[in-house]
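Taking it in order: structure first as structure tokens, then the write-up.
All chains are named by letter (A, B, ...) in the order of the sequence lines, taking the proteins before the strands, and each is independently numbered beginning at 1. Heavy atoms only: backbone and side chains are in, while hydrogens, waters and symmetry mates are out.
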There are 2 protein chains.
Amino acid sequence: MLSIGKLGQAAGVKVPTIRYYEQIGLLRPATRSEGNQRLYAQSTLSRLAFIRHARDLGFPLEAIRDLLALQDDPNQPCLAADAIARAQLQAVNRRIAQLEALRCELERMVQHCAHGKVADCRVIEVLGNHDLCLHPDHDNGAGDDHHHH
Amino acid sequence: MLSIGKLGQAAGVKVPTIRYYEQIGLLRPATRSEGNQRLYAQSTLSRLAFIRHARDLGFPLEAIRDLLALQDDPNQPCLAADAIARAQLQAVNRRIAQLEALRCELERMVQHCAHGKVADCRVIEVLGNHDLCLHPDHDNGAGDDHHHH
DNA sequence: CTTGAACCTATAGCTACTAGAGACATTAGA
DNA sequence: TCTAATGTCTCTAGTAGCTATAGGTTCAAG
């Protein structure tokens with residue numbers, strides 16, 4: 001049996017994050033010691049590593065919830081897992097395309113900056129006048145990313 | 001003088017977002033009509049369009065706050081604006097690199113899926129066993145992106 | 001047995017908005 | 001001019017995925 005701290009260390013997940021996962025039902029409530037502290041079996045470690053890995057790959061928690069349910073039911077066909085992974089791949093591809101457009105615009109901006117006064121600054125100018133953009137319909141897109149660390 | 005709705009339409013920003021920007025001090029409090037409704041001058045439209053454009057390019061609001069301050073003081077040297085834009089460019093580049101590693105891993109995952117049972121699913125397997133990854137140190141990285149839309 | 005680290009709960013904060021409730025203002029049409 | 005529809009007002013709470021803090025308890029080493 002592992003304490004929450006050992007579990008977190010082994011899985012590369014912070015302690016409050018583990019408690020958070022329990023709170024939102026991604027991990028089942030842990031058994032407790034006599035003194036009310038959480039105790040985990042090895043099986044929880046693999047489950048948590050699974051979550052951690054999926055998070056690293058950018059899967060949202062709701063998708064992970066579905067993947068875990070599939071994992072718990074190994075006789076199901078794996079179409080659903082496949083679909084979730086494909087959706088994530090598409091989201092990543094979309095995000096990359098958007099960011100590449102942004103990179104292009106930002107590069108133009110900083111390359112043309114003459115390092116003079118703000119009044120003549122290309123950065124400020126471009127931000128103020130969208131028409132100066134190469135692709136006037138660029139857009140940072142739907143925020144399908146997550147935050148961590 | 002523009003109502004908040006017209007202003008939002010003209011700048012491509014939703015009405016509650018404009019009120020939010022006022023609340024956090026990114027826009028100065030608007031003058032009010034007799035009936036307490038916000039009224040905006042044309043100058044606010046360009047300011048809001050500036051914010052919108054910078055947001056589309058992924059600048060965080062705090063960076064935009066600094067850029068606006070620079071814009072209001074056109075005799076300053078533009079080093080600071082340049083630095084903000086370069087930082088944003090670097091953040092975008094970092095993010096692209098991370099996402100490309102993710103894309104690679106996700107593609108491998110879905111390509112090797114045999115579409116059988118979950119028990120044999122490559123997607124589930126890879127998520128559960130990090131060692132199957134091409135670059136075992138891949139990571140979705142610091143969440144420096146924002147959400148909108 | 002004591003000390004310090006790790007643990008507990010509960011709450012608030014982070015980014016950048018978005019959604020909703022319930023009340024007031026404005027405006028276009030009859 | 002009246003009315004109905006739309007727009008606006010404030011305030012609060014919710015979104016994702018944690019992170020941080022406060023104030024208290026338990027555990028393990030010495």
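Closest contact between the side chain of A:Arg19 and the listed nucleotides D:dG17, C:dT9, C:dC17 involves C:dT9. For A:Ser33, taking side-chain heavy atoms from C-beta onward, the closest of the listed nucleotides D:dT10, D:dC27, C:dC8 is D:dC27. Of the candidate nucleotides D:dT19, D:dC9, C:dC17, D:dT19 has the atom lying nearest to any side-chain atom of A:Lys14. Nearest to the side chain of A:Gln37, among D:dT26, D:dT8, D:dT10, sits D:dT26.
Remark: P of D:dA20 and OH of A:Tyr20 are 15 Å apart, rounded to the nearest angstrom. We find that CD1 of A:Ile64 is positioned 13 Å from C1' of D:dC18, with the value rounded to whole Å. One interatomic measurement links the two molecules: CE of B:Met1 to C1' of D:dT8, which rounds to 17 Å at whole-angstrom precision. When rounded to the nearest whole Å, the span between CD of A:Gln23 and C1' of C:dA10 equals 10 Å. Remark: C1' of C:dT26 and CG of B:Asn36 are 13 Å apart, rounded to the nearest angstrom. Look at CD on A:Glu34: it is 7 Å from P on D:dC27, rounded to the nearest Å. As a whole-Å value, the separation of A:Leu39 CG from C:dC8 C1' is 13 Å. Atom P of nucleotide D:dA16 and atom CZ of A:Arg55 are separated by 11 Å, given to the nearest angstrom.
For the pair A:Pro60 and B:Val15, both in contact range of DNA chain D, the more 5′-proximal nearest nucleotide belongs to B:Val15.
Counting non-hydrogen atoms under 4.0 angstrom, B:Arg38 reaches the backbone sugars and phosphates but no base. Nucleic acid contact for A:Ile24: none, since no nucleic acid atom lies under 4.0 Å from a heavy atom of the residue.
Interatomic distance, A:Leu79 CG to A:Ile84 CD1, rounded to the nearest 0.5 Å: 11.0 Å.
A side-chain hydrogen bond (donor to acceptor under 3.5 Å, both in side chains) with A:Asn93 holds for exactly one of B:Arg103, B:Glu107, B:Glu100; it is B:Arg103.
Note on B:Tyr21: every side-chain N or O is 4.0 Å or more away from OP1 and OP2 of C:dA16. Taking side-chain N and O atoms only, A:Arg65 has no distance below 4.0 Å to OP1 or OP2 of D:dA16. A close approach under 4.0 Å does occur between a side-chain nitrogen or oxygen of A:Thr17 and OP1 or OP2 of D:dT19.
Between B:Asp73 and A:Lys117 there is no salt bridge, since no side-chain nitrogen of the basic residue lies less than 4.0 Å from a carboxylate oxygen of the acidic one. Note on B:Glu105 versus B:Arg108: salt bridge recorded, some NZ/NE/NH1/NH2 to OD/OE distance being below 4.0 Å. A salt bridge links B:Glu62 to B:Arg65: one of the charged nitrogens lies within less than 4.0 Å of a carboxylate oxygen.
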